[in-house]
Visitor: 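This is the structure, below, for whatever I ask next.
Lettering follows sequence order; numbering is per chain, from 1.
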Protein chains: 2
Amino acid sequence: MKKIAIYDSTLRDGAQAQGISYSVEDKLKIVERLDALGVRYIEAGNPGSNPKDLEFFERVRGMKLKHAKLIAFGATRKIGIKAEDDGNLRSILAAGTDAVAIFGKSWDYQVTEILRTGLDENLRMIGDTLRHLKQQGKEVVYDAEHFFDGWKANPDYALATLKAAAEAGADFLVLCDTNGGSFPDFVHEVTRQVAAQFTTPLGIHCHNDCEMAVANSVAAVQAGARQVQGTINGIGERCGNANLCAIIPNLQLKLGFACVPPENMASLATVARAVSEIANMPLNEKAAYVGADAFAHKGGMHVDAVVKNPVSYEHIDPELVGNSRRTLMSEVAGRSTLLARIRAVDPKIGKDSPETKKIIERLKQLEHEGYHFEAAEQSFELVVRKMLGKYTPFFELVEFKVMVNEPSVDNMNSSAMIKIRVGDETEITAAEGDGPVNALDKAVRKALERFYPAIGEIRLTDYKVRVLDSKEASAAKVRVLIESTDQRENWTTIGVSTDIIDASWHALVDSIEYKLVREQEAGRG
Amino acid sequence: MKKIAIYDSTLRDGAQAQGISYSVEDKLKIVERLDALGVRYIEAGNPGSNPKDLEFFERVRGMKLKHAKLIAFGATRKIGIKAEDDGNLRSILAAGTDAVAIFGKSWDYQVTEILRTGLDENLRMIGDTLRHLKQQGKEVVYDAEHFFDGWKANPDYALATLKAAAEAGADFLVLCDTNGGSFPDFVHEVTRQVAAQFTTPLGIHCHNDCEMAVANSVAAVQAGARQVQGTINGIGERCGNANLCAIIPNLQLKLGFACVPPENMASLATVARAVSEIANMPLNEKAAYVGADAFAHKGGMHVDAVVKNPVSYEHIDPELVGNSRRTLMSEVAGRSTLLARIRAVDPKIGKDSPETKKIIERLKQLEHEGYHFEAAEQSFELVVRKMLGKYTPFFELVEFKVMVNEPSVDNMNSSAMIKIRVGDETEITAAEGDGPVNALDKAVRKALERFYPAIGEIRLTDYKVRVLDSKEASAAKVRVLIESTDQRENWTTIGVSTDIIDASWHALVDSIEYKLVREQEAGRG
């Protein structure tokens, strides 16, 4: 099995993406995840251009990495000075990593028009920089920026820049499709020709501007490249970098290249989700391999066929990458999907039971109102329980009043008063909070806790709002999803209303009710 | 220039995506957009499996289409009956389209294990169905489901199914990568071999499960396919269908195939955005060609180079597809980005003016608090104006109180009282609404309208909420973006707070202030 060195740049090139702003803590957490996955290189920052990165490199030195080498990244030396006098190179060395990456120009136009120096001086800049770093004992990855555009414009010069790097001792020559404009057949052909001329191993670095970055990276490997640069979830500037979460399984599961230790492949979906959370960039649910929808089946016919045999509509077993199959509930969904979920509550229900028909009717009505149970399976379970009589209400709302004040009172701008009934008893209480939903959440839990102490275990972990018909703007319907956990289990509940407080209230109530149902079933309630 | 027939399935295969549920109105609006773009075929529904689709086909008959043919879609006849007795085929004919698409099995395993019939009967099902439809005078597109998997398992049988379709008069033979597991080199090779054996033109239908659908579609065209099936924005089941918004410019702008009338290419970004709005699926901002980030530059060095010459970091001119260059403001952004925006307010400010430094400091502080001006350029303009003294406050908030009641009073669950000051006058008023933000929005406009009648022209067109640190759940910071219009201009403003009402308030105030600044400048205020 041929080995491919996976080179992750989520922390460096990924930081160029709109909306990304990592703290040092974030970066350390991501390093830990990448190392556990088993990538070979982690390009972690540009200490010359970003002083915050030096702090990161100092702190990361304490971490013991199992698989990965850290990389400090920067440019070739400035025009007309010695490499040892270059401040940026000193910063790169100060980062104290075993390996470094240096980018240089390979497109003649970029040298003369953007850098504004001579073609020969650029070759010297590459050679001097790499020799200096090799003398300091570093492993050096050389990134040939704009290589494919350079090849089109002046292939001899593009090759001369690689030659300068190779002769200075580069450990990898990385061909970069910096503008993301290349296609797989071209990348394959150029990589093949370059590979024939150098003994230094090649790498590939692609951008997704033509939605081709994954295909281009795979094509380069097929043509001989042995290092692949990319980012988790394809995070990066413009349309993003090549997405390692697709490239790794494509190469390893489909083409038999060794990218990460085989036993780690099943953590891929978790790593993708963790990095997206740390970076605070929502994971694309439709992402290949790792997205929540990647193995989700909706059409009734497809669902039926997948139940017969997954190979019908699945290109791999989702468990190989730590993902799982989902069958979506919706008007298009076949009865078999629904039936499986109904039977989880009551195994006696059959395909043609009158209850099944009633539940489908109710589901259609709720979908029409804006509910979507695809993402809120626990709210759907409550709907089924209520319709099957498998549910006794735990409490009843008498009323609540939520007040928001500007200017705020005592630093809290929201307060909620709530009155609930449990059996024959009522409880009235109040709480204040940062915002109306927070105040209401605190108040309802405070009111219920003496009846149901287990409520104290619930922690809300996510709160999402989606405006359903944004053309109505501030009077539009909103859908609120709440994710909760009690350490044993995570669950998601939903509420829909024209009022965000009301929608949040319904999702909160479902979250509490779901927890109490589970407690009851476990005999803990 | 070779012509490629673009075949859109946003309305049919796209409807299989999680979260998609089109109304008949939605479908008519999408047909209009697709026809205006100039696609050749619009696969609009499966009247046999979805009765709602028949209503749609009746209504669409009244539309005059300039470029596109509508397609009714369905399966080959059922096992063991005559095509003319098949209810689904009758529904397809009842749709009254000039062209139809029929899918059939080409993978032997699917025939014997999922369909559960003989290999010969499957060939007869294909032949009978197509002959029947051709006798009714239809143009017939034949979709060979699972063709690439079928080719791997039993190439002779896969070819036999195509032969059955071709002999029965198919106008296109479409090779489908139904499970999305194929790679471009394989798709190219198989398409080339098939093309050598048939005179009937070939089509390609790909799914994105390996993030390869665009590359696979382009590879098939390079190997001889002359029809490309896909969807706008790649909407579709699991990881989506092949994304026409990347395929069309890839083929037309880069490889010289004619897909849509050249004068329509510049409407691509608008079509992508419109379809995503109608389908209520947020457009991926990182989408190739059409995403808001596709030509957005953040790194200071990149921004400087793009200003020198766009070819440095752009693979095409964004205006070719109706998109535009954006330079993002952020801690990484170079001063040149900022300066351009500051100068729009005051052309006298220079790179080294003390004002520029102060604005950068303020920007950093606001970004630290969770503001992101990348999407809210008008709020940023207000920040700049305030710092440059180019702003006189239009009004001052004295206080507001928002109340949410459950159960609701008089069918309105929220009310807002507001007191504002304009010059020496104060105004106190109140309004009720569907939810607290709606009530507050109505109240503030009501209070201000007698001072500034132009406020009556503002219409809020979108309201977005993002939870910034979802780990804090209901007490997390939220970022609210409000889009407004007055028919002349659209603008986006932002508010950040731990309280959604407070965040909405700040965004609302910015929206009103921006409008009043524009009125003042135009001499209308």
Visitor: Below 4.5 Å, heavy-atom pairs only: which of A/Asp177, A/Ile500, A/Asn413 has the largest tally toward chain B?
Guide: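 Answer, by heavy-atom pair count under 4.5 Å with chain B: A/Asn413.
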
Visitor: Is a donor from one side chain sitting under 3.5 angstrom from an acceptor on the other, for A/Glu211 and B/Asn243?
Guide: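 Looking only at side-chain atoms, B/Asn243 and A/Glu211 do form a donor-acceptor pair, the distance falling under 3.5 Å.
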
Visitor: Looking at A/Phe183, A/Phe295, A/Trp505, which one has more heavy-atom pairs under 4.5 Å with chain B than the rest?
Guide: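 Top count of heavy-atom pairs under 4.5 Å with chain B: A/Phe183.
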
Visitor: Answer with yes or no after comparing the ring centroid distance for A/His146 and B/Tyr313 against a 6.0 Å cut-off, counting only values under it.
Guide: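 For A/His146 and B/Tyr313, the ring centres are under 6.0 Å apart.
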
Visitor: Mind ranking A/His207, A/Met417, A/Glu399 by heavy-atom pairs under 4.5 Å with chain B and telling me who comes out on top?
Guide: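 Most pairs with chain B among the choices: A/Glu399.
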
Visitor: Does any heavy atom of chain A fall under 4.5 Å from the side chain of B/Asn405, the backbone, both, or neither of them?
Guide: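 When you check distances to chain A, atoms from both the backbone and side chain of B/Asn405 fall under 4.5 Å.
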
Visitor: Check whether B/Leu397 gets within reach of chain A through its side chain, its backbone, both or neither, counting any heavy atom under 4.5 Å.
Guide: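 Looking at B/Leu397, just its side chain touches chain A.
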
Visitor: Are B/Asp293 and A/Cys239 side-chain neighbours, meaning at least one heavy-atom pair lies under 4.5 Å?
Guide: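 A side-chain contact under 4.5 Å is absent here.
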
Visitor: With distance as the sole criterion, is a donor-acceptor pair present between the side chains of B/Gln222 and A/Asp185 under 3.5 Å?
Guide: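 Checked: B/Gln222/A/Asp185 side chains pair up, N/O donor to acceptor below 3.5 Å.
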
Visitor: Let's test your reading of the structure: which of B/Ala287, B/Gly236, B/Gly180, B/Pro184 forms the most heavy-atom pairs below 4.5 Å with chain A?
Guide: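 The option with the most such pairs is B/Gly236.
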
Visitor: Judged by modelled atom types alone, do B/Glu314 and A/Asn179 share a side-chain donor-acceptor pair under 3.5 Å?
Guide: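 There is no such pair (donor and acceptor under 3.5 Å, judged by atom type) between the side chains of B/Glu314 and A/Asn179.
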
Visitor: In Å and rounded to the nearest 0.5 Å, what is the NE2 to CD distance from A/His506 to B/Glu406?
Guide: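 A/His506 NE2 to B/Glu406 CD: 6.0 Å, rounded to 0.5 Å.
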
Visitor: Do B/Pro436 and A/Val404 come within less than 4.5 Å of each other through their side chains, counting heavy atoms only?
Guide: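 Not touching, per the 4.5 Å side-chain cut-off.
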
Visitor: If you measure from OG1 on A/Thr498 to CG on B/Asn438, what distance do you get to the nearest 0.5 Å?
Guide: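 Between A/Thr498 OG1 and B/Asn438 CG, I get 8.0 Å after rounding to 0.5 Å.
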
Visitor: How many angstroms lie between atom CE of A/Met403 and atom OG of B/Ser415, to the nearest 0.5 angstrom?
Guide: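 Going from the CE atom of A/Met403 to the OG atom of B/Ser415 covers 8.5 Å.
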
Visitor: If only atom types and distance count, is the side chain of A/Lys286 paired as donor or acceptor with the main-chain N or O of B/Glu237 below 3.5 Å?
Guide: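 Between the backbone of B/Glu237 and the side chain of A/Lys286 there is no qualifying donor-acceptor contact (under 3.5 Å).
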
Visitor: Tell me, for B/Asn216 versus chain A, whether the close heavy atoms (under 4.5 Å) come from the side chain, the backbone, both or neither.
Guide: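 Neither part.
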
Visitor: Answer with side chain, backbone, both or neither: which region of B/Leu255 has an atom nearer than 4.5 Å to a non-hydrogen atom of chain A?
Guide: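 Contact with chain A: side chain only.
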
Visitor: Output yes when a side-chain donor or acceptor of B/Asn250 lies under 3.5 Å from a complementary backbone atom of A/Cys210, and no otherwise.
Guide: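 Flag set: sc B/Asn250 to bb A/Cys210 pair under 3.5 Å.
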
Visitor: Side chain, backbone, both or neither: which part of A/Val218 has a non-hydrogen atom closer than 4.5 Å to chain B?
Guide: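 The side chain, not the backbone.
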
Visitor: Counting only heavy atoms closer than 4.5 Å, note whether B/Arg325 contacts chain A via side chain, backbone, both or neither.
Guide: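 Answer is neither: B/Arg325 stays 4.5 Å or more from chain A.
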
Visitor: Are any side-chain N or O atoms of B/Lys254 and backbone N or O atoms of A/Gly181, one a donor and one an acceptor, separated by less than 3.5 Å?
Guide: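 At least one qualifying donor-acceptor pair exists.
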
Visitor: Does A/Tyr109 reach the side chain of B/Val311, with side-chain heavy atoms less than 4.5 Å apart?
Guide: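 Result yes, sub-4.5 Å side-chain heavy-atom pair found.
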
Visitor: Considering only heavy atoms from C-beta outward, does the side chain of B/Asp434 approach that of A/Lys477 to under 4.5 Å?
Guide: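 Side chain of B/Asp434 against side chain of A/Lys477, heavy atoms only: no contact under 4.5 Å found.
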
Visitor: With rounding to the nearest 0.5 angstrom, report the OG to CD1 distance, B/Ser414 to A/Ile501.
Guide: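 Output value for this atom pair is 7.0 Å.
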
Visitor: Of the non-hydrogen atoms in B/Ser312 and A/Ile114, which two are nearest, and what is the gap between them?
Guide: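 Shortest heavy-atom separation between B/Ser312 and A/Ile114 comes out as OG-CD1, 3.3 Å.
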
